[in-house]
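In this text the structure is predicted, and so the values were computed from the model without any measurement. Within every chain, numbering begins at 1; the chains are lettered A, B, ... in the order of the sequence lines, protein sequences first and strands thereafter.
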There are 2 protein chains.
Amino acid sequence: MPTELPVLPDLRLAYRAPDVTAPLAAASLLADGTRMGILALLRGGPHCVCELAAGLGARENNVSNHLARLRDAGLVRAARDGADSRRVYYERDERACLAALLTLGEVLR
Amino acid sequence: MPTELPVLPDLRLAYRAPDVTAPLAAASLLADGTRMGILALLRGGPHCVCELAAGLGARENNVSNHLARLRDAGLVRAARDGADSRRVYYERDERACLAALLTLGEVLR
DNA sequence: ACGTTATCTCACAACCAGATGAGACACTCT
DNA sequence: AGAGTGTCTCATCTGGTTGTGAGATAACGT
């Protein structure tokens, strides 16, 4: 009688799909020109929404939307300006940005 | 007469949208579960398409498509097997993967 | 008080990237 | 030769994401 269950006879794979949810979330957040541009601009210090929008050539509500996603992910922080309380200045959370980079390093080595 | 061109009076931004094409391409490539899973699986050594597909629970033609994108980007290399010339074994290009990580580091520091 | 500015939120439309299925090709095995 | 395997390519469909517009809120300047 033949051997039973001859499924995938000599495939050198342990069926374990690696868990990449964390680095995938980081990459998905960065995989947008506006969001990456925001992070790049914020390397030069805090900026308000209208400054970022002007620098990127995008609309303010659009930038605000992307800032919300970055804020939810913890990569940026928001703080109202003392002088003009209408403006919201955003700054990078350097520790979170480094953590995202390290997470990506888990896959890219 | 009023001052001319009072555009964006005191916005501390030099209008320069930073060039993020390289890190954006890297992030876009990684922003997919199948592609990131492939890169993660290949950390354990070379694998053929069917092994990767089995490990990820994806169809082989789908995995082949994603491998083509990773190959075009230079992150993986393909080599036919000597024993069974139908199988194509893929392996990571560690130098290119490190370069991608460094490119992302330009934005995430 | 009024008009303006800065930001946010939400609903809708448009678009892009991924999944799918069919087909083609080359190779292996019997 | 014929059946089956492994991989690739391409066209089409679909789902999710982005951009957009309108509206709301709060604060500033006059």
Interatomic distance, [X] [atom1] vs [N] [atom2] [rounded to whole Å]:
X	N	atom1	atom2	result
D72(A)	dT17(D)	CG	C1'	16 Å
Y89(B)	dT7(D)	OH	P	8 Å
E60(B)	dT9(D)	CD	P	15 Å
Y90(A)	dT7(C)	OH	P	8 Å
L70(B)	dC8(D)	CG	C1'	15 Å
L67(B)	dA19(C)	CG	P	12 Å
L56(A)	dT18(D)	CG	P	15 Å

_Which residues pass the side-chain contact (heavy atoms from CB on, under 4.5 Å) test with E94(A), not counting sequence neighbours?_
R92(A)
*For nucleotides 20-30 of chain D, just jot down a letter per nucleotide in 5' to 3' order: B, S or -, based on protein non-hydrogen atoms under 4.0 Å.*
BBB----BS--
*For DNA chain D, determine which residues of residues 27-39 of chain B have any heavy atom closer than 4.0 angstrom to one of its atoms, and list them numerically.*
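Those residues: none at all.
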*Mind listing the closest non-hydrogen atom pair of A78(B) and Y90(B) along with its distance?*
CB-CE2, 3.4 Å
Any idea which of [options] is nearest the [X] side chain?
X	options	answer
H66(B)	dG18(C), dC8(C), dT7(D)	dG18(C)
V49(B)	dA19(C), dC8(D), dT9(C)	dC8(D)
R69(B)	dT7(C), dC8(D), dG18(C)	dG18(C)

_Expected output: side-chain R80(A) to main-chain R86(A) donor-acceptor under 3.5 Å_ = yes
*asked:* Once rounded to the nearest 0.5 Å, what's the spacing between atom CG of L67(A) and atom CG of D72(A)?
replied: 10.5 Å
*Output every pair passing side chain to side chain donor-acceptor pair (under 3.5 Å) with a member in residues 17-27 of chain B, not counting sequence neighbours, ordered by first then second residue.*
D19(B)-T21(B)
List the atom pairs, with distances to 0.1 Å, where a side-chain N or O of residues 97-109 of chain A and a protein N or O form a donor-acceptor pair under 3.5 Å, not counting sequence neighbours.
| from | atom 1 | to | atom 2 | distance (Å) |
| --- | --- | --- | --- | --- |
| T103(A) | OG1 | A99(A) | O | 2.8 |

Atom pairs and distances, side-chain donor-acceptor, residues 30-40 of chain A, under 3.5 Å, sequence neighbours left out:
| from | atom 1 | to | atom 2 | distance (Å) |
| --- | --- | --- | --- | --- |
| D32(A) | OD1 | T34(A) | N | 2.9 |
| D32(A) | OD1 | R35(A) | N | 3.0 |
| R35(A) | NE | L29(A) | O | 2.6 |
| R35(A) | NH1 | H66(A) | ND1 | 3.1 |
| R35(A) | NH2 | S28(A) | O | 3.3 |

